[in-house]
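A quick note: this is a predicted structure, and the numbers were derived from the prediction, not measured. Both counts, for ligands and for their atoms, begin at 1 and track the order of listing.
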Amino acid sequence: MTDEFTVPVYYDDDADSDAIAGKTVAVLGYGSQGHAHAQNLDDSGIDVIVGLRKDSDSWAQAENDGLRVATPDDAAAEADIVSMLVPDTVQPAVFEAISDGLEEGDTLQFAHGFNIHYNQIHPPEGVDVTMIAPKTPGHLLRRNYVEDTGTPALLAVYQNETGGAKAEALAYAQAIGCTRAGVVETTFREEVETDLFGEQAVLCGGITSLIKKGYETLVDAGYSPEMAYFECLNEMKLIVDLMYEGGMAEMWNSVSDTAEYGGLAVGPEIVGEGVRENMDEALEAVQNGEFAREWIAENQAGRPSYTQLHAADRNHDIEEVGSRLRALFSWADEEPTEEAEAPADD
Ligand SMILES: NC(=O)C1=CN([C@@H]2O[C@H](COP(=O)(O)OP(=O)(O)OC[C@H]3O[C@@H](n4cnc5c(N)ncnc54)[C@H](O)[C@@H]3O)[C@@H](O)[C@H]2O)C=CC1
Ligand SMILES: CC(=O)[C@](C)(O)C(=O)O
Ligand SMILES: [Mg+2]
Ligand SMILES: [Mg+2]
């Protein structure tokens, strides 16, 4: 840790692997985060047992990846640390099924604080409750670990009954590769509010809306979908890679001065004050629980809006032209396809 930041940020040297050594971690769920945590922990020498429903397709996958698998309640009963990596909306039911297996001194661990912060899960006394929330999609948590880089995460402690909750969480973060990049200490509330805001307004919602609007503007004006795809979606990754490596300055340095002038002068007219007001509103709906209530009710109703939004997005023209263009990349066969459906293919 250094004292040059406004909040504590922890690195490999701050973690003590003894705090997790000899413990068994039950990873409940083998999806985006689950497969990455399980495989990274296993590669770091931690005893892992994956918890899945008997009928889960992931059962055979996890076994093929060399991991022990059991039902969630059996896995939790055996484990010292239970990592809750099933979808947020099914966590309350899974928690009910496994809570008998949580003994005094065990840890219930999350990768996102939704169910604690919005009071959907009430952990028992005597159990530590912690969070290591990687700031990445799970597949890249795994890829970065394998490639000897790492991914930042947030650490928070909600219940510290043993006195060792934070040290154990930090050791867990180290074992999945996050202390290589930096682990920021925060609270469940802050993690939830910033995470939901970020994914809605910027990372997932904001950027896809921006890309689609750009694509539609070009196609509606008579330009080809192929050109619009390369311009607005494909090149986005290449531009963002430069920002990831060296901040916006590195991106501005790499593009032409024509792009830099046009971008700096016109960009704020596109994403202007109106967008900022919309962002404030989205943040408020996260802070006052309105978004959480909506999402919980949406699930109780069988996900009518989600189903519609999901289908409309997948059916957008940009997806169709994109899949045809990506299939013809000379390196296309080397890329894992349908990563989301085959989480454990790496
Ligand atoms: N997707 C991501 O990259 C990130 C997710 N998170 C958090 O990680 C947690 C897990 O999310 P994802 O990895 O996206 O989930 P996911 O949807 O990718 O994976 C879900 C897994 O849970 C299993 N599952 C579903 N219902 C189940 C049930 N009733 N009983 C037992 N297993 C069941 C599925 O078989 C699958 O293996 C959530 O709290 C999420 O907010 C945090 C950071 C990033
Ligand atoms: C990948 C991630 O960090 C997100 C966007 O918060 C999530 O998947 O919930
Ligand atoms: Mg996130
Ligand atoms: Mg999230």
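When only non-hydrogen protein atoms are considered, atom 20 (C) of ligand 1 lies nearest to P87 CD, 3.3 Å. Atom 42 (C) of ligand 1 has A111 O, 3.4 Å as its closest protein atom, hydrogens excluded (heavy atom only). In this structure, atom 35 (O) of ligand 1 lies nearest to the protein heavy atom S56 OG, 3.9 Å. The protein heavy atom nearest to atom 33 (C) of ligand 1 is V86 CG1, 3.6 Å. Closest protein heavy atom to atom 18 (O) of ligand 1: S32 N, 2.9 Å.
Restricting E199 to its N, O or S atoms, the one at the least distance from the Mg ion (ligand 4) is OE1. For D195, the N, O or S atom closest to the Mg ion (ligand 3) goes by the atom name OD1.
Listed by atom number, the atoms of ligand 1 under 4.0 Å from Y30 heavy atoms are 21 (C), 36 (C), 37 (O). Applying the 4.0 Å criterion to heavy atoms of P134 picks out, from ligand 1, the atoms 43 (C). Atoms of ligand 1 lying under 4.0 Å from at least one heavy atom of T136, given by number and element, are 3 (O), 44 (C).
Between L67 and Q39 the shortest side-chain heavy-atom distance falls below 4.5 Å.
Among the atoms of G138, some N or O lies under 3.5 angstrom from an N or O of ligand 1. In terms of N/O distances under 3.5 Å, ligand 1 is approached by D88. The shortest N or O to N or O distance between G31 and ligand 1 is under 3.5 Å.
Under the 6.0 Å distance and 45° angle rule, R326 does not count as a cation-pi partner of F329.
Within the 4.0 Å heavy-atom criterion, neither part of L141 lies near ligand 1. When heavy-atom distances to ligand 1 are checked against a 4.0 Å cut-off, K135 has no atom that comes that close, whether in backbone or side chain. Here V94 has side-chain heavy atoms under 4.0 Å from ligand 1, and that is the only part of it that gets that close. Here A133 has no heavy atoms under 4.0 Å from ligand 1, in either its backbone or its side chain.
A salt bridge is defined here as a Lys NZ or Arg NE, NH1 or NH2 lying under 4.0 Å from an Asp or Glu carboxylate O, and E216 with K212 fails to meet this definition.
Between R53, Q61, H35, M84, it is R53 that holds the heavy atom closest to atom 26 (N) of ligand 1. Closest to atom 43 (C) of ligand 1 by heavy atom, among H112, Q33, K54, is Q33.
Distances from ligand 1 to the non-hydrogen atoms of Q91 include at least one value under 4.0 Å.
Once rounded to the nearest 0.5 Å, the distance linking CE of M227 with SG of C232 reads 11.0 Å.
Distance check on atom 10 (C) of ligand 1: some protein heavy atom falls below the 4.0 Å cut-off.
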